[in-house]
Amino acid sequence: MITTAKRLDTVEEYYFSSKLREVRQLMSEGKSIINMGIGSPDLSPSKAVIEAVAAAIQDENGHGYQSYQGLPEMRQAMADFYRDQFGVEVNPNNEILPLMGSKEGIMHISLAFLNPGDHVLIPNPGYPTYTSVTNLVEAVPVYYDLKEENAWEPDFEALEKLELEKVKIMWLGYPHMPTGARGSLALFEKLVAFAKKHNILLINDNPYSFVLNDNPMSLLQVEGAKDVALELNSLSKTFNMAGWRVGMVLGNPEIIDAVLKVKSNMDSGMFYGIQKGAIAALKCDKSWFEDQNKIYRRRRELTEKLAEKLGCKVYKEGVGLFVWAKLPEGIESAEKFIDEILYEKHIFITPGTIFGSNGEGYIRFSLCVKEEKVQEAIDRF
């Protein structure tokens, strides 16, 4: 038999990959499943984006290999977006690297900077990919607690007590997934100071800034952040382009160059038409965000009603594409709780446990569900 690499022993299939098979099986049996689990926007990109792609497809020069660094005008659009939305100046020539979605950036950064045995600080709860990628590159996950009593922010006294000599990377993501905690510039300043003190590469995963958030922020707003930090961003949630796979990583040229070394050996450039669509998206005006948030606000209000109908306590301060809610007292397992709802009411909700041990006792609802479907979910109870 051909055996798999030992690194596969350290990871499991991504939760949604396996769970959605279960959901599809129920659907094939005729069950009407309302999927409130995954954060894949159901809304469309703007008309300008679709038109830009349609025009690009007719360009006879648009079908060959593209630059590993993307079109200069796309990098410029990304730089302009950061300047206009965050007040952050980045050089489009050497401080931005377009990605096929920010998720691939997690792997590229890890391959560029981690050796076997290096330690990586990972938020608990947090995005599961941080752990799986860390394991795949044979580094060591070290979890730091985020808890509701501390507004889902790190406890710096606890951080300082960890064995930090071996830590190479620290992952964070504000607005936070899954809780929706906003973070603050004051928090970012403390994190940058912590990273400088301990010579750690700090990476903020920032795809949710513009969803139901009246104060978008970037880690790179902190003075001196580029010395030790990168920021990942994505067009997936902000512009309803999840399946298009367009993201970016921003930081100082030396760090970006290291990531490019990996990326240039992994793909052969992003399709020209998608880049043209991304440029159009990044030029959307303020009304785009306002219109999107009107829809998400109505959905959130209904989803909170559903959560409360289940006896859950909603984290009201949350922003982004999800509603984070605490289960009623006495519920021993979030996974058992959501499975009962899936099989009895045919509604799929995400258990907080997939994001780490501090997610036990919580569930997460996606806002990527039309209002009438959320209302139908409420009516099923």
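Residue numbers count from 1 along this sequence. No hydrogens, no waters, no symmetry mates; every other heavy atom, side chains included, goes into these values. It should be emphasised that the depicted structure is a prediction, and the values quoted were computed from it without experimental measurement.
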Visitor: State whether the side chain of R75 and the backbone N or O of Q69 hold a donor-acceptor pair below 3.5 Å, judged by distance alone.
Guide: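 Yes.
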
Visitor: When you measure from the side chain of N293 to the backbone of L212, do you find a donor-acceptor pair of N or O atoms at a distance under 3.5 Å?
Guide: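 A pair under 3.5 Å: yes.
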
Visitor: Over 60° means perpendicular and under 30° means parallel, so tell me whether Y130 and W171 are parallel, tilted or perpendicular.
Guide: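 Y130 vs W171 ring planes: parallel.
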
Visitor: side-chain hydrogen bond (donor to acceptor under 3.5 Å, both in side chains) with R297: which residues, sequence neighbours excluded?
Guide: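 For R297, no residue satisfies side-chain hydrogen bond (donor to acceptor under 3.5 Å, both in side chains) once neighbours in sequence are set aside.
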
Visitor: Side chains of N135 and S132: do they bring a donor and an acceptor to under 3.5 Å?
Guide: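 Checked: N135/S132 side chains show no N/O donor-acceptor pair below 3.5 Å.
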
Visitor: For residues Q292 and N240, is any side-chain donor paired with an opposing acceptor at under 3.5 Å?
Guide: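 A pair is found: one side chain offers a donor N or O, the other an acceptor, under 3.5 Å apart.
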
Visitor: Is the backbone N or O of A181 less than 3.5 Å from a side-chain atom of W324, with the two atoms forming a donor-acceptor pair by type?
Guide: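 Checked: no pair found.
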
Visitor: May I ask you to check if K237 and F210 form a cation-pi contact, with NZ or CZ under 6.0 angstrom from the six-membered ring centre and within 45° of the axis?
Guide: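 Geometry flag: not set, cation outside 6.0 Å or 45°.
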
Visitor: Taking atom types as modelled, find out whether S218 and E231 have a side-chain donor-acceptor pair closer than 3.5 angstrom.
Guide: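 Yes, side-chain donor-acceptor contact under 3.5 Å.
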
Visitor: For A281 versus L235, what's the shortest heavy-atom pair and its separation?
Guide: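 Residues A281 and L235, closest heavy atoms: CB-CD2, 4.1 Å.
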
Visitor: Quick one: does any side-chain atom of N124 pair with a main-chain N or O of Y144 as donor and acceptor, under 3.5 Å?
Guide: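 Side chain of N124 to backbone of Y144, a donor-acceptor pair under 3.5 Å: no, none is there.
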
Visitor: Run the salt bridge (Lys or Arg N to Asp or Glu O under 4.0 Å) check on E304 and K316 step by step: do they pass?
Guide: CA-CA 9 Å; E304 288 183 357; K316 297 280 189 178; 2.9 Å; yes

Visitor: Who passes side-chain hydrogen bond (donor to acceptor under 3.5 Å, both in side chains) against K197, sequence neighbours left out?
Guide: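 Partners of K197 by the side-chain hydrogen bond (donor to acceptor under 3.5 Å, both in side chains) criterion, ordered by chain and then number, come out as E160.
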
Visitor: Would the Y362 and W152 ring centres measure less than 6.0 Å apart?
Guide: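 Yes.
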
Visitor: Quick one: do the E371 and Q375 side chains pair a donor with an acceptor below 3.5 Å?
Guide: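 Q375 and E371 do not have a side-chain donor-acceptor pair below 3.5 Å.
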
Visitor: Please check: side-chain N/O of H108 versus main-chain N/O of K103, any donor-acceptor pairing under 3.5 Å?
Guide: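 Looks like no, no N/O pair under 3.5 Å.
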
Visitor: For residues G352 and A334, report the shortest heavy-atom separation together with the two atoms involved.
Guide: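 Result for this residue pair: N-CB, 4.3 Å.
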
Visitor: Taking C-beta and beyond as the side chain, do R364 and V323 meet within less than 4.5 Å on heavy atoms?
Guide: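 R364 vs V323: side chains apart.
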
Visitor: Do we see a donor-acceptor contact under 3.5 Å between the side chains of S268 and Y68?
Guide: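 On atom types as modelled, these side chains do not qualify, holding no pair under 3.5 Å.
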
Visitor: Check for a donor-acceptor pair, side chain of Q275 on one end and backbone N or O of M74 on the other, with a separation under 3.5 Å.
Guide: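 Flag not set: sc Q275 to bb M74 has no pair under 3.5 Å.
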
Visitor: Drop me the distance from C368's SG to L43's CG, to the nearest 0.5 angstrom.
Guide: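 The distance works out to 7.5 Å.
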
Visitor: State the CG-CG distance between L230 and D205, to the nearest 0.5 angstrom.
Guide: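 Spacing of CG (L230) from CG (D205) equals 11.5 Å.
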
Visitor: F81 vs F289 aromatic rings, parallel, tilted or perpendicular, using cut-offs 30° and 60°?
Guide: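 The rings of F81 and F289 sit tilted, inter-plane angle from 30° to 60°.
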
Visitor: Keeping T350 on the side-chain end and G37 on the backbone end, is there a donor-acceptor pair under 3.5 Å?
Guide: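 Checked: pair present.
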
Visitor: I need the single residue from L172, D145, L187 that forms a side-chain contact (heavy atoms from CB on, under 4.5 Å) with P154. Which is it?
Guide: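 Only one of L172, D145, L187 forms a side-chain contact (heavy atoms from CB on, under 4.5 Å) with P154, namely L187.
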
Visitor: If you count the non-hydrogen atoms of other residues, nucleotides and ligands that lie under 6.0 Å from CD in E60, is the total more than 12?
Guide: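 No, not enclosed.
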
Visitor: Against Y208, only a single residue in F322, Y296, Y174 fulfils ring pair (Phe, Tyr, Trp, His ring centres under 6.0 Å); can you say which?
Guide: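 When F322, Y296, Y174 are each tested with Y208, the ring pair (Phe, Tyr, Trp, His ring centres under 6.0 Å) holds only for F322.
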
Visitor: For T353 and E360, indicate whether the former's side chain and the latter's backbone hold a donor-acceptor pair under 3.5 Å.
Guide: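 No; zero donor-acceptor contacts below 3.5 Å.
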
Visitor: For Y82 and N233, test the side chains for any donor-to-acceptor distance below 3.5 angstrom and give the result as yes or no.
Guide: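 Their side chains do contain a donor-acceptor pair, which is all the 3.5 Å distance test asks for.
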
Visitor: Mind checking the CD-CD1 spacing from E340 to I347? Nearest 0.5 Å is all I need.
Guide: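 Here the interatomic distance stands at 13.0 Å.
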
Visitor: So, N206 side chain and M217 main chain: donor-acceptor pair closer than 3.5 Å or not?
Guide: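 Checked: pair present.
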
Visitor: I'd like to know if the side chain of N150 reaches the main chain of E153, judged simply by a donor and an acceptor atom lying under 3.5 Å from each other, with no hydrogens or angles considered.
Guide: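 Checking the backbone N and O of E153 against the side chain of N150, a donor-acceptor pair under 3.5 Å is found.
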
